[in-house]
Amino acid sequence: MTFPGSSPKRPRVAPRRPVSRLAGRPYVTGKGVTIGGLVTAVLGLLLGGATIGGVAIGLNNDKAANRIEKELQKVRDQLPTQVPTPNSNG
């Protein structure tokens, strides 16, 4: 029942419990974390694109390709011809 000049009673609801202590403070939201995540994602995409572009340019260069092949051949020459296995020790 309401009287003139009074407001009707609102139903009583349980207070919401914040997920963390900081979330219960006023003006603390997850916007900073969201913006940080988006900025990091964009930087990662740019860095990945630059890396792929650099690798493609490097492999299209004949001098660089020849140098890589020579270094690979050096490493192959240093590999042992026979690899000992547990059964070959006799």
Side-chain angles (χ1 to χ4, degrees):
M1 179 153 102
T2 61
F3 297 101
S6 67
S7 60
K9 281 191 169 183
R10 294 184 184 174
R12 183 167 260 209
V13 290
R16 290 189 326 161
R17 293 184 63 198
V19 177
S20 70
R21 266 189 303 151
L22 290 177
R25 294 176 55 197
Y27 307 112
V28 175
T29 62
K31 289 180 185 176
V33 175
T34 304
I35 292 171
L38 289 172
V39 168
T40 304
V42 169
L43 287 175
L45 289 172
L46 292 174
L47 184 62
T51 303
I52 290 172
V55 168
I57 290 172
L59 290 179
N60 285 336
N61 184 354
D62 286 337
K63 285 184 180 180
N66 289 337
R67 181 180 52 83
I68 292 171
E69 285 180 19
K70 285 180 185 177
E71 290 192 23
L72 272 173
Q73 191 58 42
K74 285 181 189 177
V75 171
R76 286 185 188 135
D77 291 343
Q78 292 176 357
L79 289 174
T81 55
Q82 292 182 345
V83 178
T85 60
N87 295 336
S88 67
N89 289 338

> How far apart are the C-alpha atoms of Leu38 and Val42, what are their side-chain angles, what is the distance that settles it, and do they pass the side-chain contact (heavy atoms from CB on, under 4.5 Å) test?
Replying inline: CA-CA 6 Å; Leu38 289 172; Val42 169; 5.6 Å; no

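Not counting sequence neighbours, the partners of Gln73 by the side-chain hydrogen bond (donor to acceptor under 3.5 Å, both in side chains) test are Asp77. Applying the side-chain contact (heavy atoms from CB on, under 4.5 Å) test to Gln82 and every residue at least two apart in sequence or in another chain returns nothing. Residues forming a side-chain hydrogen bond (donor to acceptor under 3.5 Å, both in side chains) with Asn66 (at least two apart in sequence, or on another chain): none. Scanning for side-chain contact (heavy atoms from CB on, under 4.5 Å) contacts around Val39 gives Ile35, Leu43, with sequence neighbours left out. Contacts of Glu69 classified as salt bridge (Lys or Arg N to Asp or Glu O under 4.0 Å), with partners at least two apart in sequence or in another chain: none.
Atom CG of Leu72 sits about 10.5 Å away from atom CZ of Arg67, to the nearest 0.5 Å.
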Listed pairs under 3.5 Å, donor-acceptor, residues 47-55 side chains, sequence neighbours left out:
| residue | atom | partner | partner atom | Å |
| --- | --- | --- | --- | --- |
| Thr51 | OG1 | Leu47 | O | 2.8 |

